[in-house]
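Let me begin by presenting the structure, written as structure tokens, before commenting on it.
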Amino acid sequence: MAARSEAAEEGKSMPYTTARRARRRVIVASGLLAGALVITPASPAAAYDPAAGREVLGAGRHVDAIYAEVTGGKLDIRTRTPKGVVEGDRVVLHIPETGTSHTKLPKGYEFLGPEGAEAWVSTEVQDPSVVWPGWSFEGVKPGVLKGTLKIKYDSFRYAGPAAAPKFAVTQPGGFDGTKVSKLFVPGTTFTTVSGEPGSHTHGTWTFTAPGVYDIDFTVTATLATDVPISDSTTVRFVVGELGPTAAEPTPRADPPATAGLDDLTIVPNKVDAEYFVGQTITLSALSPDAAPTDTYRWQVTSPGAATPVADPKQTTATWTTKPNRAVDGTSIRVERLSAAGQVVETSEPQILRTRAKAPTTTLTVSADKSTYAVGDTATLRSAQSPQTEDEHYHWYLRKPGEDSYQWIPESRLADQQLPITADLNGAEVTARLFNTDHSVLAESAPIRLTMTGAGATDPAATIKITSAATTFAAGERATFTAEPSTPGSAVEWSVRKNGENPYVVFEGTPTLDESWDGAEIRAVVRDAQGGVLTETTIPVVDVTSAAAASSGDSSGSMLRYVVAGVVLLVLITGAVVVVVRRRRAHGAS
């Protein structure tokens, strides 16, 4: 940190901080590295100098300890320093003992040690007294890869006085950012993180003892030609004073993932299973008694449901889904089944919490043409107002008749090219802006693609959709009306909330809460057999907050305050008159 925090001054507890970078940063989360017993005991050989032949980087130096480049179809992982890109074995990252780096473990870091135990840190916010290490995929050009890059922790070696040193890379987590998000945790499910090409990441590196730490990572990716590529690197930290050690760093053994567990336990990939819309829910089932032949049955109890429903498609030790708002409050249990199909263990429930982030900007989308022909390529552009530092986009497409938007593969930039095919007449496209932790920050109103000429088909019916209002107050009932052109047809209403993909059917006049703000309303006309004749949408519904709605009655509230004030003034005046009269009467006597 640039300055010592109040907590650091008084109890030297580790600061929890977040920061907006002056440049593009995707906080790829990285995590926790825990070590156990030494496999190879330290040898009383000649002194070993960990800085020999290396440049020592400390005192606020910004270093991309893992820096990826793709050249000639090969992945090359090196280190980017203020002087340029070098091999990782040419530098050492130094965290000396300073007023801010030598601190105490706060609550939430029990996986490293008890609260108040000694720790040495380099936070995700730059501290000018220590090295500021991160990792970067800014050297990877757009379009070279398919998908993201993945960093996997492999192992670490240590030289120093501690018998069981540990270290971690964490970030602030939870809905309010005050919890500890574990990203790499050797010996647990937290061993891999992902990052977008062009992203740049910082986290808090925490060490429990001084000494030399050599941390091994492997980075993997897939070329646009579907060829997998990978490369490895070792990041060396010296924690505490620089100087020779009795021997070079020796390997540590990571504990098993089930260490400390007594029975079947669900481990969420986000702290306390709190997820923002846009992220991915991943739950892992861990049991010290698990066997390789075991299978798993995930029991899902939706909010308001009386009984759980088994998920037939997910039978491994991992369960995953997208955190739509409707998932909030869902209870998950997992059963471990033997090879014979018998339930041998059942976990405690895990409650999922989901929330949407408040939009940080208004995102709009435009197309280069009003109509297209089959064979054209549409150029779609997005714009932010106001402009933010976030530059992580995804584009989504929904063809007519489909009940969910789908991600356009490899759409990651502010603008998108889309080949026009015959099935895209009437399709809708939207863009979303994400933050570094893949939470949705903004979504554009969808635009509809229209086609002319060969290949374009007209719908079997037409429909006019209207709304009683354009803006609603939270808690207000909404009325939507559709006028289909085909006699005997039925209209089905559904809603897709901002940042989500699927439509959810609703009936009657729904009561709108704040989660409907920015939602898209769809009316589908179906024939007697249930077939889709046509559909149309209201792209965006505006819902004001309850607080904003109540402010509309401010004149009435003010009137009440004025009346109360007048009454109080009359009472005080009357009391004063009584006192004056009594004093006059007393004086006359």
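Basis for what follows: all heavy atoms, side chains included, without hydrogens, waters or symmetry-related copies.
The backbone N or O of Pro359 lies less than 3.5 Å from no partner atom in the side chain of Glu443, so there is not a single donor-acceptor pair. Side-chain atoms of Gln529 do not come within 3.5 Å of backbone N or O of Asp527 as any donor-acceptor pair. Side-chain N or O atoms of Asp272 include none that pairs as donor or acceptor with a backbone N or O of Glu274 at under 3.5 Å.
Arg398 has a carboxylate O that lies under 4.0 Å from a charged side-chain N of Glu428, or vice versa, which qualifies the two as a salt bridge. One finds a salt bridge joining Asp403 and Arg522 here, because a Lys/Arg side-chain nitrogen approaches an Asp/Glu carboxylate oxygen to under 4.0 Å. We find that Arg412 and Glu410 are joined by a salt bridge, their nearest charged nitrogen and carboxylate oxygen being less than 4.0 Å apart.
Shown here are the salt bridge (Lys or Arg N to Asp or Glu O under 4.0 Å) partners of Asp542, two or more places apart in sequence or in another chain: there are none.
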Query raised in the report: So Arg526 and Glu535, salt bridge (charged side-chain N to carboxylate O under 4.0 Å, His left out) or not? Walk me through it.
Result: CA-CA 9 Å; Arg526 298 185 182 275; Glu535 63 175 45; over 6 Å; no

Exercise. Going through the checks in order, is the ring pair (Phe, Tyr, Trp, His ring centres under 6.0 Å) test met by His200 and Phe137?
Worked result: CA-CA 6 Å; His200 185 180; Phe137 300 142; 10.0 Å; no

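The aromatic rings of Tyr109 and Phe111 sit tilted, their planes meeting at an angle between 30° and 60°. Classification of the Trp132-His202 ring pair by plane angle, with boundaries at 30° and 60°, yields parallel.
Taken from CH2 in Trp135 to CD1 in Ile151, the straight-line distance is 6.5 Å, to the nearest 0.5 Å. The CD atom of Gln417 sits 8.0 Å away from atom CG of Leu380, with the distance rounded to the nearest 0.5 Å. Leu512 contributes atom CG, which lies 6.0 Å from atom CZ of Phe472 (distance to the nearest 0.5 angstrom). Considering CG of Asp415 and CG of Asp368, their distance stands at 10.5 Å, rounded to 0.5 Å. How far OG of Ser194 is from NE2 of His438: 10.0 Å, rounded to the nearest 0.5 Å. A distance of 7.5 Å separates CD of Glu115 from NZ of Lys107, quoted to the nearest 0.5 Å.
A 4.5 Å side-chain heavy-atom check between Thr388 and Leu433 finds at least one atom pair inside the cut-off. In this structure, Asn435 and Val440 have side chains that are not in contact, with every pair of non-hydrogen atoms separated by 4.5 Å or more. Side-chain contact between Glu476 and Thr511 is absent, with no heavy atoms from C-beta onward closer than 4.5 Å. In this structure the side chain of Val334 never reaches within 4.5 angstrom of the side chain of Gln299, judged on heavy atoms. Val169 places a side-chain heavy atom less than 4.5 Å from the side chain of Trp205. Contact annotation: the side chain of Val429 approaches that of Leu418 to within less than 4.5 Å [non-hydrogen atoms, C-beta and beyond].
The side-chain hydrogen bond (donor to acceptor under 3.5 Å, both in side chains) contacts involving residues 141-151 comprise Lys146-Asp226, where partners must be two or more places apart or lie in separate chains.
With no hydrogens or angles considered, no side-chain donor-acceptor pair links Ser284 and Thr189 at under 3.5 Å. Using a 3.5 Å distance cut-off with no hydrogens or angles, the side chains of Tyr503 and Glu492 do not pair a donor with an acceptor. Residues Asp437 and Ser439 bring no donor and acceptor atom of their side chains to less than 3.5 Å of each other. Checked by atom type, the side-chain pair Ser181/Thr170 shows no donor-acceptor distance below 3.5 Å. Residues Thr100 and Asp127 bring a donor and an acceptor atom of their side chains to less than 3.5 Å of each other.
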For a quick test of your reading: what N or O donor-acceptor pairs under 3.5 Å do the side chains of residues 320-328 make, sequence neighbours left out?
{"unit_1": "Thr320", "atom_1": "OG1", "unit_2": "Ile281", "atom_2": "O", "d": "2.7"}
{"unit_1": "Lys322", "atom_1": "NZ", "unit_2": "Thr280", "atom_2": "OG1", "d": "3.0"}
{"unit_1": "Arg325", "atom_1": "NH1", "unit_2": "Asn498", "atom_2": "O", "d": "2.9"}
{"unit_1": "Arg325", "atom_1": "NH1", "unit_2": "Glu500", "atom_2": "OE2", "d": "2.9"}
{"unit_1": "Arg325", "atom_1": "NH2", "unit_2": "Asn498", "atom_2": "O", "d": "3.0"}
{"unit_1": "Asp328", "atom_1": "OD1", "unit_2": "Thr354", "atom_2": "N", "d": "2.9"}

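A cation-pi geometry, defined here as NZ or CZ lying under 6.0 Å from the six-membered ring centre and within 45° of its normal, does not hold between Lys270 and Tyr275. A cation-pi arrangement, defined by a distance under 6.0 Å to the six-membered ring centre and an angle within 45 degrees of its axis, is absent between Arg353 and Phe175.
More than 12 non-hydrogen atoms from other residues, nucleotides or ligands lie less than 6.0 angstrom from CD of Gln387.
Checked against the 6.0 Å centroid threshold, Tyr405 and Trp395 do not count as a close aromatic pair.
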